[in-house]
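Report on the following structure.
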Number of protein chains: 2
Amino acid sequence: MIPTIKDVAAHAGFSIATVSRVINAPHTVNPLTLEKIRRSIDTLNFRPSPLGRQLRGERTRLIGVVLPTLANPVFAECLQGIDDLAAAHGYRLMLMTTQYDADRERHAIETLRAQRVEGLILTVADADTHPLLDELDRDGLLYVLMHNDTARRPAVSVDNRLAAFDGVRMLIAHGHRRILMLAGTLAASDRARLRHLGYAEAMQQAGLAAAPALEIDFNANELAPAVLAHLTTGPHRPTALFCSNDLLAMVVMRGLHRARMQVPNDMSILGFDGLAMGELLSPPLASICAPNREIGSAAWRRLIARIDRSAPDTSLALTLPHTLRTGATIAAISNTSTTA
Amino acid sequence: MIPTIKDVAAHAGFSIATVSRVINAPHTVNPLTLEKIRRSIDTLNFRPSPLGRQLRGERTRLIGVVLPTLANPVFAECLQGIDDLAAAHGYRLMLMTTQYDADRERHAIETLRAQRVEGLILTVADADTHPLLDELDRDGLLYVLMHNDTARRPAVSVDNRLAAFDGVRMLIAHGHRRILMLAGTLAASDRARLRHLGYAEAMQQAGLAAAPALEIDFNANELAPAVLAHLTTGPHRPTALFCSNDLLAMVVMRGLHRARMQVPNDMSILGFDGLAMGELLSPPLASICAPNREIGSAAWRRLIARIDRSAPDTSLALTLPHTLRTGATIAAISNTSTTA
DNA sequence: ATGAAAGCGCTAACAA
DNA sequence: TTGTTAGCGCTTTCAT
């Protein structure tokens, strides 16, 4: 069906070695021969099989990508950042998603290793204590983490603790005193922990009480009534919510809207991620923005640098700057209106 | 570095053939031998290289996926639908995005073919007149299109014409007479054409004037002033907008909001795609919903059926039902308030 | 300038 | 039950 180098050789009347030369070192072959063989290649529509090359110990030009989910645009944006560069560099991407499941993480990494990828770009639930990553280190398979905010491994990320700190400080500067942090599926992840840490530090520095993060199951796309009540009633209800990601912030905004709470007048909202989509909301969502696409492309560049040994790459964590998008979901609170 | 079947054989003291049997037909090998070799496999952490198998002419268990972009969640959702099944079936996915560029489409398909994928799942700009797809047909490489709404090729899609027709009829039923269709990047695609056709038919059937689609460059994330003026001023300004996709609808909503137009009171908006995110907007976006994830998984099932020859699969187009999500972005218009 | 042949990791037919 | 061997498509010495 698919023509091989043999077919070309037979068709052109030369040996497969010469055909190979036409492909890989055209200058070493007689111009006349070159011409003939090229014609055969065209006629048969021959494309050298990467399989054969790869097996020969050549480079596979394959990179594995492991992401939690594509339902969250954060990761879709990263992937787009990776793919643009990969295509330009002539690499192929093999993609697997894990749905935040440790078994699927393990399985994905094993599958990709077996496929002999030259490197791995991944986002895992918890980077510090990840036995599989230790294994990669030990076996010398190159990888770069995205969004995993760890100093122990090669990673590209924002400083989650500092970013949360900055964001919550901004809320405080707007006069908020009772600020609650909401977290979703990320509760089990290193990122969420660091974000809560930043929140707690900002609160503490202002002499305010930091509360544990309120965990939300937002797969339901719906705010549980108990949670809603917690947010909206009582004299100690929060005036601002710091949501550990934008998707969660959107779910919360919608829940509040249904409960006839005005954002930002009755409640200020700050998200985390900087989804492009957030700017299209009304009101546009205030968010701590990670440069997601840039994180993807930076991860790619680091990985390729290590694969090509073109750079020493001594450092482990690469921290990209975060930005505060001060959308319209944050209102200032006058001191008098606060009971605290 | 990576152990091969030879290493295992040497370590266990058997031939590579027996090791191969342990992997592929354990019951044909002496239990004692089995045990020993398995221990060696574990010790060396050996995983059979798919490359070797694939080269042997075994199946590659590789599926190529070609999508326009991941920045639009429509495609991310499809991909998620594919990936879930692919992982469950033990297939690997090779992903390439095209940014709606014909050259990149061509390059992606060629690259994936060269990699010997067993099949292709793709969304192209224009399916009917696509020479590369003809080539795939000719060469017997299996593929299934997603979202490309054509009767000529294997495809999974909603009926774009009918869906648009239904949606616009709904707008008409709400009393709207001056309805404009807005289209974005998709203007060059078969989907956009069919959607406009459905719009025009609905208008015509109601005795109303169908206008050409107003083309919007929404990469800017911003509505051009001229467009905005066209939508908001004059006695013949539209009372409802049918947007050819949800992302575009969001940009428009935001533009109107800035221009102090109330949605839906001053302008009704209907999108197309049914992005999960749309429901989180305030007001929730009315949309003609395609079951994106389901389109992805259906495409996967069709492709696998053809690869396994497990089903005859005579039909070409598989049309999945669309649904109307009647969000709060559509208001009824009383006849008296209409000048038409 | 070209060809012959070995070998990459694996499977399967055939031998023992 | 186990081993020997050929061959999948390709690159790369080593001869010619």
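Computed from a predicted structure; not experimentally measured. Order of the sequence lines fixes the chain letters, A, B, ..., with proteins taken first and strands second; residue numbering starts at 1 for each chain.
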Check: B:R39 main-chain N/O paired with B:T43 side-chain donor or acceptor under 3.5 Å: yes
All pairs passing side-chain hydrogen bond (donor to acceptor under 3.5 Å, both in side chains) where residues 2-14 of chain A contributes a residue, at least two apart: A:H11-A:S40
Boundaries of the DNA chain D segment in contact with chain B, non-hydrogen, under 4.0 Å: D:dT1 to D:dG9
Nucleotides 6-16 of chain C: protein proximity per nucleotide (B base, S sugar-phosphate only, - neither; heavy atom, under 4.0 Å): BBBBBBBB---
A:E118 bridged to A:R61 by N-O distance under 4.0 Å: no
Flag for B:D101-B:H107: side-chain donor and acceptor within less than 3.5 Å: no
Test side-chain contact (heavy atoms from CB on, under 4.5 Å) applied to B:A317 - qualifying residues, sequence neighbours left out: none
Five-pair end axes of the helix from C:dA1-D:dT16 to C:dA16-D:dT1 and the angle they enclose, rounded to 10°: 50°
Check: B:R92 side chain, B:T60 main-chain N or O, donor-acceptor pair, under 3.5 Å: yes
Residue pairs passing the side-chain hydrogen bond (donor to acceptor under 3.5 Å, both in side chains) test where at least one lies in residues 125-137 of chain B, sequence neighbours excluded: B:E105-B:H130, B:D126-B:R193, B:D128-B:T150, B:D134-B:R153, B:D137-B:Y143, B:D137-B:R153
Salt bridge A:D83-A:R293, side-chain N to carboxylate O under 4.0 Å: no
Derivation and outcome, side chain to side chain contact (heavy atoms under 4.5 Å, CB included), residues A:L318 and A:R302: CA-CA 9 Å; A:L318 170 63; A:R302 288 199 63 179; 3.5 Å; yes
Residues B:R47, A:E110: salt bridge by 4.0 Å N-O rule: yes
